[in-house]
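Remember, it's 1-based here, ligands and their atoms both numbered in the order they're listed. In what follows, residues are counted from 1 in the order of the sequence shown.
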Amino acid sequence: MSTTAVGYLGGVASPESLASQVGISVLKLGGNAVDAAVAIGFALAVTFPSAGNIGGGGFLLYRHPSGHNVAIDFREMAPGLSTSNMYLDGNGNVLLGDGGSVDGYRACGVPGSVAGFEEAWRRYGSGRISWGQLVDPAVQLASSGFPMPNSLRKSLSLSAERIERDATFQDVFLDKTPLGWLPKKHGTTIRQPKLAETLTRIRDRGATDFYAGVTARLLASDIQQNGGVLSTTDLAAYRAIRRKPLVGRFMHHDVLTMPPPSSGGIALLQMLGMLQACDPLPDAYSPTYIHIVAQAMRRAFRDRSEYLGDADFVDVPVRSLLDGSYIAKLKRGLSAGMAVRTDDLPPARNLKDESEQTTHFTVIDRFGGVVSTTYTLNGSYGAAVISKSTGIILNNEMDDFTAKVGVPNQFGLIQSAKNAIQPRKRPLSSMTPTIVVDNEGQIRIATGSPGGPTIINSVLHTILQSVYFDKGVHESVAAPRFHHQWKPEVLQLERSLIGVRPQLASLGYETSLRTLGDVHAGSWNRRSGVIMSSDPRGTGEALAE
Ligand code: GLY
């Protein structure tokens, strides 16, 4: 399996090999980056069930070869019957497990992926590849099956306690053994017959089936029979939204990234602004460099927690947060060894060492058209339940809202009332699909990652490596990462940075070790073509023609 690929006719980088093959075959048929991205999105819903989905949502950023760019927001939406305190018990404590914001049918927001993919294909597809051609590979993968890979076994094992209570998870992915439910053996053919039926309807009838047809009725009925609140009216009301990407400048490059309801674009541009103002930066990964970048992270995440939410519902001061004089103010003191505070805060519920709970893929076509897509079920395997009549794994995106101000969500994020639950509102996200373009209109790097809040910093690292330190795409993707999110007061380091732990401790940092992100990125240049890279941390594959 190849984590890097070069070519002239386009390329793909995704977290799973079969999906990458689907994407490259669409490019070979003459499809553009949008066509290939849609086909990959559907294929991952079958072959990468921890995060690939039709039951979740995400963001697709597209830059047309002409330079026109657009962001498609297909983030999940709170059902009409949801309320700001729906996850609080009688004592005002946040409910997480069955019936709460993390596990089970009540955790599910209205899925957006199918609407997002159809919107992208209709408006920006090449016109040479039919909708049916893009969905059909996923239909075949779900009905004929694919051999269980070790990576899927590992991810199922990590979520075993959550998923093994669900009958469809048992049928499709697990075997009953004397030791309990275990993932099916490596190489076993994984067939998903109900999902295949659903995908067939979507292939033949389009997104209408998902939002107002047979699938809508089956899905809403399964959810309501199991205590959820999502209705056919919610599905019928769902729309993918075209938004104007945020555009910032960093070291003579345009940085195109995701506006709200992503927090990622604003935080990324704030950090790049602060760090550009620190030019020249210390040597990469020296203790001072880590310190400066971590302080920029702390400031951006502090603003995230205070000011951000769905801008269609609450006032988000995007312009002020990205204003040059405000960023100059944020930058002041960045390098002066600002004391690290340890706030008296509840610990994060569950800072995982896994980054599979969202996924990213990048496609570049032969004309330099680029798609950077991040989509998610939120937690690994979402709400850990499968709608039995449709085979769809349900998201638990409602946990991305502020269930209660001051109480961390599953990623340890503290959020404000701006991100409170309201019917039809979209929860704040950290997904940060990003495309960096040089002054000649060539793609320096298109990038993105899974990993909850760590997404934003994984994207920051790849851009700093590529643009500031002038590294190639694969070196930028493979380079070490670290993460600070303001609260909790912990600097998370990848193991390769263990050597600087003592110096960081003397600067006042509490540190922990973990792997961060699973970046799939690419670059494009008129003369040398595409270079694609899949993160060596993950199990993905980069392909190019
Ligand atoms: N569900 C993770 C995120 O959107 O940030």
field: Parallel, tilted or perpendicular, as decided by the 30° and 60° cut-offs, for the rings of Phe74 and Phe117
entry: tilted
field: Check: Arg75 N/O within less than 3.5 Å of ligand 1 N/O
entry: yes
Full working for side-chain contact (heavy atoms from CB on, under 4.5 Å) between Met398 and Tyr87: CA-CA 9 Å; Met398 293 298 285; Tyr87 299 117; 3.2 Å; yes
- request: Identify the protein heavy atom lying closest to atom 2 (C) of ligand 1, giving its residue, its atom name and the separation to 0.1 Å.
  value: Asp400 OD2, 3.2 Å
task: Over 60° means perpendicular and under 30° means parallel, so classify the ring planes of Tyr62 and His64, tilted if in between.
output: perpendicular
task: Mark up the atoms of ligand 1 that fall under 4.0 Å of a heavy atom belonging to Asn378, in ascending order.
output: 1 (N), 2 (C)
field: From the candidates Ser429, Gly379, Pro427, Ser262, the one that places a heavy atom nearest atom 4 (O) of ligand 1
entry: Ser429
task: Using the six-membered ring wherever Trp is involved, compare the ring planes of Tyr211 and Tyr238 and label them parallel, tilted or perpendicular (cut-offs 30° and 60°).
output: parallel
Minimum-distance protein heavy atom relative to atom 5 (O) of ligand 1: Ser430 N, 2.7 Å
Check against side chain to side chain donor-acceptor pair (under 3.5 Å), Ser449 and His360: CA-CA 5 Å; Ser449 178; His360 181 84; over 6 Å; no
